[in-house]
Amino acid sequence: MKKECIAMLLAGGQGSRLYVLTSNVASGKYRIIDFPLSNCTNSGIDTVGVLTQYRPLELNSYIGSGQPWDLDGTTGGVHILPPYQTASGASWYKGTANAIYQNIGFIDLYDPDYVVVLSGDHIYKQDYSDMVRVHKETGAVCTISVMEVPWSDAPRFGIMSVDQNDNITEFAEKPKQPKSNLASMGIYVFSWKVMRKYLIDDEANPNSENDFGKNIIPAMLGNKEKLVAYRFKGYWKDVGTLESLWDANMDMLSQSSGLDVSDDAWPIYARSVNAPPTFLDAQSNVTHSAINRGSEIYGTVENSVLSANITIGKGARVSYSVLLPGVVVEDGAVVEYAILGEGARVGKNCKVGGRPESTASGKWGLSVLAPACSLDEGRTVAPNVMLNEKGEEVSR
């Protein structure tokens with residue numbers, strides 16, 4: 001069972017930053033979790049623990065044996081690890097570090113030299129094996145993947161200060177006045193024996209929030225451990241907000257974005273949808289869009305990403321939008337700059353969203369329908385409005 005390196009994927013939040021949507025669905029053919037799982041496979045990591053405490057049965061059903069990602073080996077594979085009651089009374093994961101702590105027994109089964117800790121909120125393509133190589137060559141106990149962000153965005157991230165050799169000298173979690181624009185991507189490589197000790201010590205501290213950024217990393221720095229920054233140059237997006245989720249979907253349609261999901265050299269794997277091929281009516285018009293199986297298109301679709309089993313009625317138009325599985329847009333309806341949750345229905349001649357310049361105040365944002373939200377015929381949903389499953393307007 002000995003493994004040099006395994007991965008632990010933190011995928012279990014309620015998607016609170018996505019408000020009325022759930023974080024397990026990305027768009028089109030892919031779910032967000034497909035990206036880190038595919039990165040593991042392409043990086044040669046064949047043992048992955050997926051830590052979740054929100055709707056684990058749904059995630060377990062999607063991942064199954066791990067076969068779509070070639071993670072169904074007999075000596076590793078992918079494992080769903082929900083929290084469970086123990087003799088000590090622990091149950092829900094209290095923080096990122098506590099989630100790993102509760103699964104020390106699982107990690108010990110493989111006696112790894114290194115543990116890669118990943119987040120389930122990111123869409124990106126990264127070779128973790130190169131990051132592990134740097135970790136070994138530098139003799140670090142923790143290597144953190146970082147990238148430069150605009151200075152205006154720096155207060156939203158954990159920010160690293162480094163020396164000339166990219167050794168981390170200081171870490172600040174969401175600083176109001178950042179000293180650097182080198183942001184943590186929430187991707188770590190740890191030397192397991194050292195990490196294990198810090199997890200145990202952290203759990204014994206009643207004042208800890210049991211979080212990597214707030215507790216584990218500062219504790220390591222305080223003890224003068226060697227922490228190294230790994231500079232990542234490729235595409236990466238934290239899709240924890242509605243706008244970033246929409247941006248990532250639009251990036252899938254752009255050849256210049258860096259998010260090439262058709263790249264044979266680094267494929268993104270996903271579970272195939274059991275549905276017939278997409279049907280395009282003779283009067284339909286589809287341009288610059290991605291459409292998954294099981295869809296029926298009778299109207300116009302442009303610059304949009306459609307998940308499986310979508311229906312676009314006659315005379316309807318969908319543009320610059322993201323439609324999650326099972327959405328129905330009835331005849332004559334218009335959907336622009338919107339995200340429609342799974343199973344939402346837009347009635348005949350409804351209008352949802354609008355172009356960025358269409359708001360009187362000049363403030364524009366996406367229109368969002370929650371899963372199963374149903375709009376009666378002729379209803380208008382203005383830009384920057386979000387509706388819950390009952391069709392009621394809710395604040396962001």
Side-chain angles (χ1 to χ4, degrees), residues 21-22 25-31 34 62 68 242 245-255 257 259-262 268 270-356 358 366-383 385 387 389 391:
L21 299 177
T22 57
V25 176
S27 68
K29 177 182 177 181
Y30 301 104
R31 299 193 181 205
D34 292 329
Y62 179 73
L242 295 167
L245 179 66
W246 183 85
D247 283 342
N249 278 274
M250 295 301 105
D251 287 343
M252 288 189 205
L253 301 177
S254 172
Q255 293 182 345
S257 69
L259 182 61
D260 182 4
V261 295
S262 61
I268 301 300
R271 183 169 295 283
S272 299
V273 175
N274 185 17
T278 291
F279 170 76
L280 300 179
D281 183 72
Q283 301 301 314
S284 66
N285 181 21
V286 177
T287 57
H288 198 240
S289 298
I291 301 176
N292 204 355
R293 295 174 63 91
S295 297
E296 297 183 10
I297 312 298
Y298 299 90
T300 297
V301 178
E302 55 188 8
N303 301 302
S304 295
V305 178
L306 276 57
S307 301
N309 301 310
I310 303 294
T311 300
I312 308 298
K314 294 180 179 179
R317 178 168 58 85
V318 175
S319 60
Y320 294 96
S321 295
V322 178
L323 278 55
L324 299 183
V327 165
V328 175
V329 179
E330 296 186 354
D331 296 355
V334 175
V335 177
E336 294 183 298
Y337 294 91
I339 301 177
L340 307 188
E342 185 169 358
R345 183 187 66 87
V346 179
K348 291 182 178 180
N349 301 316
C350 287
K351 180 173 175 56
V352 177
R355 295 184 178 277
S358 63
L366 296 167
S367 296
V368 181
L369 303 189
C373 177
S374 183
L375 301 183
D376 293 333
E377 181 176 349
R379 183 171 175 179
T380 296
V381 179
V385 168
L387 303 182
E389 67 278 0

Where at least one partner belongs to residues 282-309, residue pairs that pass ring pair (Phe, Tyr, Trp, His ring centres under 6.0 Å), sequence neighbours excluded | Phe279-Tyr298
Is any side-chain heavy atom of [X] less than 4.5 Å from a side-chain heavy atom of [Y]?
{"X": "Arg379", "Y": "Leu387", "result": "yes"}
{"X": "Glu342", "Y": "Leu323", "result": "no"}
{"X": "Val322", "Y": "Leu366", "result": "no"}
{"X": "Cys373", "Y": "Arg345", "result": "no"}
{"X": "Val329", "Y": "Leu340", "result": "yes"}
{"X": "Leu306", "Y": "Ile312", "result": "yes"}
{"X": "Leu324", "Y": "Ser307", "result": "yes"}

What is the ring orientation for Tyr337 with Trp246, classed by angle as parallel under 30°, tilted 30 to 60°, or perpendicular over 60°?
-> tilted
Rounded to the nearest 0.5 Å, how far apart are [atom1] of [X] and [atom2] of [Y]?
{"X": "Ile297", "Y": "Thr311", "atom1": "CD1", "atom2": "OG1", "answer": "7.5 Å"}
{"X": "Ile310", "Y": "Ile291", "atom1": "CD1", "atom2": "CD1", "answer": "9.5 Å"}
{"X": "Thr278", "Y": "Asn309", "atom1": "OG1", "atom2": "CG", "answer": "8.5 Å"}
{"X": "Glu302", "Y": "Ser304", "atom1": "CD", "atom2": "OG", "answer": "7.0 Å"}

Between [X] and [Y], what is the shortest heavy-atom contact and its length?
{"X": "Ala370", "Y": "Ala344", "value": "O-CB, 3.9 Å"}
{"X": "Val327", "Y": "Gly341", "value": "CG2-O, 3.2 Å"}
{"X": "Glu336", "Y": "Lys351", "value": "OE1-NZ, 3.2 Å"}
{"X": "Ser367", "Y": "Pro383", "value": "OG-CA, 3.3 Å"}
{"X": "Leu253", "Y": "Ala290", "value": "CD2-N, 3.8 Å"}
{"X": "Ser289", "Y": "Val301", "value": "OG-CG1, 3.5 Å"}

Verdict with reasoning, Arg317 to Thr300, per side chain to side chain donor-acceptor pair (under 3.5 Å) | CA-CA 5 Å; Arg317 178 168 58 85; Thr300 297; over 6 Å; no
Any donor-acceptor N/O pair, Asp331 side chain to Gly315 backbone, under 3.5 Å = no
Test Val352 against every option in Thr380, Val381, Ile339 by the side chain to side chain contact (heavy atoms under 4.5 Å, CB included) rule and name the one that passes.
-> Val381
